[in-house]
Amino acid sequence: MSSTRTKTVRRSALACAMAATLVAGVAVAVNAQAATAPAVPLAAATPTVPPAAYPRPGAVTGDIGAHDPTMVKTPSGSYIVAHTGDNIALKTSTDRTAFRNAGAVFPGGAPWTTTYTGGSRNLWAPDISYHNGRYWLYYSASSFGSNRSAIFLATSTTGASGSWTNQGLVIESRTSDNFNAIDPNLLVDSSGRWWLSFGSFWSGHKQVALDPATGKRSDSTIRSIAGRNGGAIEAPFIFKHGSYYYQWVSFDRCCQGAASTYRIMVGRSTSPNGPFVDRNGVNLNNGGGTQVLAGHGSIHGPGHQAVLADTDAEVLVYHYYTNSGAANLGLNLIGYDTAGWPFVY
């Protein structure tokens, strides 16, 4: 989420809903017990041939106005979405298609964040995951046009509104720093090590090691994992597929409604710490990135992506803008070509 966003855009981004049907390209099994038991998407073979053009977002229904969404699948098979909003907004779904409002992470407020937000309740760009019997939520507190920012951690055993415990500050940035401590993403690598990636504009994306017992920093090292020499890059999300760790990032400008130029890029590495390179071998620290999704037709500025590993496929979760400028939840499935580079369908 760009530090240059305006309150008007951010709040309007959270106010939209539309009606539709199924996620594109996926059959979703819905049975007579859908009200009490989540429907399970059917497994399908991962395609290796990209479509000829960018697909539309898979259609979803209900409360789908969202900005900077992140999604986790619960042990019971339902879904929780967390996204930018007052005290962090929540949505739930039983089938990854119909979504409903589920309140806020902190319905009583988060006064520990106001040093960074200038008193605003609007908290940004959460990252939700489930590990060791708990939900872990990293989220950002900042003010517009500033890198005086912070990333905090909250945990919950249920994920429900009001159930979250503030675990405190993870990392902050000051105006004298060359990075911006927003847009967090937790990676648990194949060796069980925990890493937090984050960053927006300034010198780009950073990464720190975490203690799995606390979710807090385990050392003082800050690694650089992507950058555009001060240009528009943000929202790192690292996800392992096969032998590679893929760093998904957003390039260019968010939060300008239908005029937004956000686009989703990717690089990969065999190490969770990089170096990440694009399809042409360009290091993401040097501005590299292979484009996976950009604006097309009435879909504007897709970005601030996350990846969910589900039973049927890997799912790209993101927001996009409609012609009216409202921000909606976007879902597409992920395929990989024969060289192992992702595309959406």
Aromatic ring proximity [X]/[Y], centre distance under 6.0 Å:
| X | Y | value |
| --- | --- | --- |
| His67 | Tyr320 | no |
| Trp341 | Tyr244 | no |
| Phe343 | Tyr54 | no |

Parallel, tilted or perpendicular, as decided by the 30° and 60° cut-offs, for the rings of Tyr246 and His241: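 It falls in the perpendicular class, over 60°.
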
Side chains of [X] and [Y] in contact at under 4.5 Å (non-hydrogen atoms):
| X | Y | value |
| --- | --- | --- |
| Phe99 | Val60 | yes |
| Asn147 | Thr175 | yes |
| Ile80 | Ile128 | yes |
| Asn166 | Trp112 | yes |
| Leu210 | Lys216 | no |
| Leu333 | Leu316 | no |
| Arg217 | Ile171 | yes |
| His319 | Pro302 | no |

What's the spacing between [X] [atom1] and [Y] [atom2] if we round to 0.5 Å?
| X | Y | atom1 | atom2 | answer |
| --- | --- | --- | --- | --- |
| Asn280 | Thr290 | CG | OG1 | 6.0 Å |
| Tyr138 | Leu186 | OH | CG | 5.0 Å |
| Asn87 | Asn122 | CG | CG | 9.0 Å |
| Thr270 | Lys240 | OG1 | NZ | 9.0 Å |
| Leu329 | Ile64 | CG | CD1 | 6.5 Å |

Val307, Val315, Thr46 screened by side chain to side chain contact (heavy atoms under 4.5 Å, CB included) with Ile334, the one that passes: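 Only one option passes, and that is Val307.
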
State whether a side-chain donor-acceptor pair under 3.5 Å links [X] with [Y].
| X | Y | answer |
| --- | --- | --- |
| Thr48 | Thr338 | no |
| Thr74 | Ser76 | yes |
| Ser149 | Asn180 | yes |
| Ser129 | Asp127 | no |

Neighbour count >12 (heavy atoms, 6.0 Å) for atom OH, Tyr130: yes

Tyr139: partners by ring-ring contact (aromatic ring centres under 6.0 Å, His included), with sequence neighbours left out: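 Expected list: Phe106, Phe152.
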
Counterpart residues, ring-ring contact (aromatic ring centres under 6.0 Å, His included), relative to Trp194 (two or more places apart): His131, Trp136

Full working for side-chain hydrogen bond (donor to acceptor under 3.5 Å, both in side chains) between Arg56 and Ser298: CA-CA 9 Å; Arg56 291 186 60 81; Ser298 61; 3.1 Å; yes

Flag, side chain of [X] to backbone of [Y], donor-acceptor distance under 3.5 Å:
| X | Y | value |
| --- | --- | --- |
| Ser250 | His304 | yes |
| Asp211 | Gly215 | no |
| Ser156 | Thr158 | yes |
| Ser146 | Ser143 | no |
| Ser200 | Ile182 | no |
| Ser269 | Pro275 | yes |
| Gln207 | Pro272 | yes |
| Ser260 | Tyr262 | no |
| Thr114 | Gly119 | no |

Cluster link Leu196 to Trp164, ILVMFWY, side chain under 4.5 Å: no

Linked, directly or transitively: Phe237 and Val266 (ILVMFWY side chains, under 4.5 Å):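 In one cluster: yes.
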
Listed partners of [X] passing side chain to side chain contact (heavy atoms under 4.5 Å, CB included), at least two apart:
| X | value |
| --- | --- |
| Asn101 | Asp63 |
| Ala309 | Phe239 |
| Ser324 | Thr322, Ala326 |

Pairs meeting criterion salt bridge (charged side-chain N to carboxylate O under 4.0 Å, His left out) with involvement of residues 139-151, two or more places apart: Arg148-Glu172

Residue pairs, two or more places apart or on separate chains, that pass salt bridge (charged side-chain N to carboxylate O under 4.0 Å, His left out) and touch residues 321-336: none

Test log, rule side-chain hydrogen bond (donor to acceptor under 3.5 Å, both in side chains), inputs Gln247 and His205: CA-CA 10 Å; Gln247 183 186 172; His205 295 169; 3.0 Å; yes

Of all residues at least two apart in sequence or in a different chain, which pass the salt bridge (charged side-chain N to carboxylate O under 4.0 Å, His left out) check with [X]?
| X | result |
| --- | --- |
| Asp337 | Arg279 |
| Arg134 | none |
| Asp177 | none |

Asp310 with Lys73: basic N within carboxylate O range, under 4.0 Å: yes

Sidechain N-carboxylate O distance under 4.0 Å for Asp312, Arg96: yes

For Phe251, the rest of its hydrophobic cluster, which grows through side-chain links under 4.5 angstrom: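 Direct or chained contacts put Phe251 with Leu187, Trp195, Ile225, Ile233, Ile238, Tyr245, Val249, Met265, Phe276, Leu284.
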
Candidate pair Thr84 and Asp68, rule side-chain hydrogen bond (donor to acceptor under 3.5 Å, both in side chains), full reasoning: CA-CA 6 Å; Thr84 289; Asp68 313 320; 2.7 Å; yes

Pairs flagged by side-chain hydrogen bond (donor to acceptor under 3.5 Å, both in side chains) wherever residues 223-233 is involved - sequence neighbours left out: Lys206-Ser224, Arg228-Asp252

Intermediate values then yes/no, side-chain hydrogen bond (donor to acceptor under 3.5 Å, both in side chains), Tyr318 and Asn332: CA-CA 9 Å; Tyr318 59 96; Asn332 284 100; 2.5 Å; yes

